[in-house]
2 protein chains.
Amino acid sequence: MSRKSSRMTIKDVAREAGVSISSVSRALNGLTANQELLQRVNDAVKLVEYVPSQIGQSFKTQRTGQVAVAVPDISNASYLALVKECQRVFSEAGYRTTLINTGGNSGDDIELIRGLRQKYVDGLIFTTIRPTPELIEEIEASEVPVVLVGSLKTAVSFDVVSTDSKQAARLAVEHLVSQGCRKIGLIGGPLDTVPGRNRYEGFVAAASESGVFFEENIVILKDFEFDSGLEAAKRLIEQGVDGVLGSTDILALSVLHAVRDAGLSVPLNVRVVGVDNSEAARLAIPRLTSIDLGAIDRGRMAAEFLTSRLSGFDSAPKTAIVRPRIVVRESSL
Amino acid sequence: MSRKSSRMTIKDVAREAGVSISSVSRALNGLTANQELLQRVNDAVKLVEYVPSQIGQSFKTQRTGQVAVAVPDISNASYLALVKECQRVFSEAGYRTTLINTGGNSGDDIELIRGLRQKYVDGLIFTTIRPTPELIEEIEASEVPVVLVGSLKTAVSFDVVSTDSKQAARLAVEHLVSQGCRKIGLIGGPLDTVPGRNRYEGFVAAASESGVFFEENIVILKDFEFDSGLEAAKRLIEQGVDGVLGSTDILALSVLHAVRDAGLSVPLNVRVVGVDNSEAARLAIPRLTSIDLGAIDRGRMAAEFLTSRLSGFDSAPKTAIVRPRIVVRESSL
DNA sequence: TTGAAAGCGGTACCAA
DNA sequence: TTGGTACCGCTTTCAA
């Protein structure tokens with residue numbers, strides 16, 4: 001016996017229960033006082049194995065019950081943490097979560113926002129490290145609520161959740177200095193990204209204030225690949241740094257490798273700090289000190305901002321800034 | 001000037017272009033020969049900034065344009081790889097991807113499959129390590145196409161993609177033996193999971209065939225947590241093993257830590273092999289030998305199976321088995 | 001080639 | 001409280 005029955009609709013339930021489809025709808029949505037009718041409808045629902053069509057409901061209500069979370073790269077630990085946390089909050093609030101890997105390309109980003117007009121989701125959490133004016137404009141024009149995760153320089157008409165990248169770099173430098181480092185290197189991300197730029201500026205500011213030697217010890221990468229980091233780390237070690245800040249935990253791991261390859265030791269000869277406080281940092285040998293940018297907190301707040309808007313609260317644009325904190329481990333002791 | 005215009009529908013385009021809505025629909029779907037009408041419609045579309053409603057289209061076509069990928073834990077490297085690859089294939093095929101974190105609970109799994117009747121997605125890639133008979137039954141009854149990623153003992157009426165976990169363990173043991181290990185330990189996953197059971201059996205078979213000492217060196221964990229692995233590894237080291245197979249890369253990393261904590265060295269005193277060939281394995285110190293279970297290949301095949309079904313190809317149930325391969329690195333040399 | 005109209009599966013208004 | 005019915009946006013059949 002094939003169970004692949006053609007879909008049962010509300011009509012079938014109504015027929016089976018001997019009532020009108022309106023009554024079925026009401027019964028199913030808890031708008032019926034009549035116990036007997038309710039019973040008949042429930043029996044009929046069981047009998048025909050009725051399940052309301054999400055598509056039909058969406059059509060009527062113009063709500064999909066879905067939200068999207070867009071990140072440049074889901075492989076990146078902090079985006080992964082953010083996505084997971086959003087998903088948790090949304091799931092609790094009764095929304096399904098659609099995952100979008102943007103690749104970080106700003107043209108595609110704009111297309112993504114524009115595509116929201118198709119109304120395939122009720123709202124969007126959008127993460128970007130390159131918030132161009134065009135992108136901002138497109139988000140402001142969006143009919144679908146968008147919450148942006150990322151740092152902006154201007155005031156905007158939508159909700160924003162960000163972290164203080166400059167402060168993150170500062171925490172790292174101050175820690176390294178307090179541990180006795182006097183010649184600190186930076187392996188930074190691309191300067192045309194907001195976090196890349198901010199961490200660079202934070203590093204420079206904190207380093208010069210501390211009076212440590214640093215100016216020749218800055219390497220800016222075009223990407224965040226481990227191999228690029230390895231190359232950069234090798235250079236820094238040749239210049240005799242005694243402390244390095246890696247822009248991500250992966251880049252910091254590359255420093256651990258380079259130091260070992262050079263026959264030196266972390267933290268004896270070189271102290272290392274990473275950024276993201278990812279699992280990779282916790283499990284590294286030696287365990288890696290890392291700046292936690294609060295990806296989980298950002299995810300939670302962004303998701304809460306969005307669910308709030310989706311519930312119809314039409315407040316002024318909200319902003320949340322998560323403060324980074326340093327998690328000290330073996331690699332910088 | 002607010003851009004938050006209320007949605008434009010096909011009617012607005014029709015009115016603006018001075019044609020019927022049927023003509024607009026045809027023009028938009030490339031079913032019009034008349035160049036002038038086409039032009040008028042396109043102009044009207046631009047003028048009113050019309051974007052077809054996904055909801056309206058879904059309602060008519062009974063297709064959502066979405067597929068779901070369900071995994072027990074997105075944090076797990078191999079599931080992550082699988083999800084990413086599925087997403088890539090689906091995106092190319094014009095489908096959006098919804099991510100579902102199941103948590104691996106089998107009751108919830110059944111609810112998930114049952115929930116498909118709501119028709120919120122067109123198809124599902126489902127990953128499980130505990131394929132209960134009830135679950136199988138539910139999948140077979142599903143009206144929505146499901147592709148299962150995981151090993152099954154029985155023949156089923158849906159597509160399945162799996163890997164050979166037994167062979168994976170065998171590869172690892174044979175490699176360790178060939179490197180000179182004579183007392184090999186296993187840190188295994190729960191035996192009530194299919195991969196946990198299969199890896200255990202593969203390990204036992206390969207170890208006894210090789211004639212190496214192993215029987216007292218098996219620790220089966222209740223979970224895959226790093227800390228549990230650390231504890232287990234400590235025990236194995238006290239028993240004097242010279243080789244360890246960790247059931248996942250994370251567990252293998254815990255062995256690296258435990259060996260170091262014991263003042264010993266990998267691979268000099270203990271050789272270590274993990275499973276998953278994750279980024280964590282590539283970046284570990286020392287770099288970790290790992291069994292690649294072909295997560296990416298499985299993701300690709302599963303996604304292709306599903307898109308094929310969604311395109312209406314109603315073939316017999318397909319099965320694909322991905323062969324594991326070993327990636328030898330420093331930790332076992 | 002074009003337009004009119006039915007219908008996909010629900011919800012909610014209105015009248016009984 | 002209940003049933004009849006309009007309607008959400010789009011595709012597609014059918015007739016002109």
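The figures that follow rest on heavy atoms only: side chains count, while hydrogens, waters and symmetry mates do not. Below, chain A is the first sequence line, B the second, and so on; all start at residue 1.
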**Item:** Closest-nucleotide 5' rank along DNA chain C - winner of B/K60 and B/R26
**Value:** B/R26
**Message:** Check the phosphate of C/dG9 against A/S53, side-chain N and O only, distance under 4.0 Å to OP1 or OP2. Yes or no?
**Reply:** no
**Message:** Using only modelled atom types and a 3.5 angstrom limit, is any donor from either the side chain of B/S20 or the base of C/dA4 paired with an acceptor on the other?
**Reply:** no
**Asked** Just wondering, do B/F158 and B/E140 contact through their side chains at under 4.5 Å, heavy atoms?
**Response** yes
**Asked** Side-chain contact, heavy-atom cut-off 4.5 Å: A/E49 with A/M8?
**Response** no
**salt bridge (charged side-chain N to carboxylate O under 4.0 Å, His left out) between B/D43 and B/K46, worked out** = CA-CA 5 Å; B/D43 289 349; B/K46 284 213 186 78; 5.3 Å; no
**Request:** Under 4.0 Å between any heavy atoms, over every strand shown, what does B/L37 touch: base, sugar-phosphate, or nothing? Just pick one.
**Result:** sugar-phosphate
**Complete:** Side-chain atoms of B/S23 come closest, of D/dC8, C/dG3, D/dG3, to C/dG3
**Asked** Under 4.0 Å between a side-chain N or O of B/T61 and OP1 or OP2 of D/dT11?
**Response** no
**Prompt:** Quick one: the side chain of A/S22 and the base of D/dG4, do they pair up donor-acceptor inside 3.5 Å?
**Reply:** yes
**Prompt:** Considering only heavy atoms from C-beta outward, does the side chain of B/S75 approach that of A/K84 to under 4.5 Å?
**Reply:** yes
**Prompt:** For C/dG9, does either OP1 or OP2 sit under 4.0 Å from a side-chain N or O belonging to A/Q57?
**Reply:** no
**Request:** Pick base, sugar-phosphate or nothing for A/S58, based on heavy-atom distances below 4.0 Å to the nucleic acid.
**Result:** nothing
**Asked** Which comes earlier along DNA chain D counting from the 5' end, the contact point of B/V51 or that of A/T32, where each point is its nearest nucleotide?
**Response** A/T32
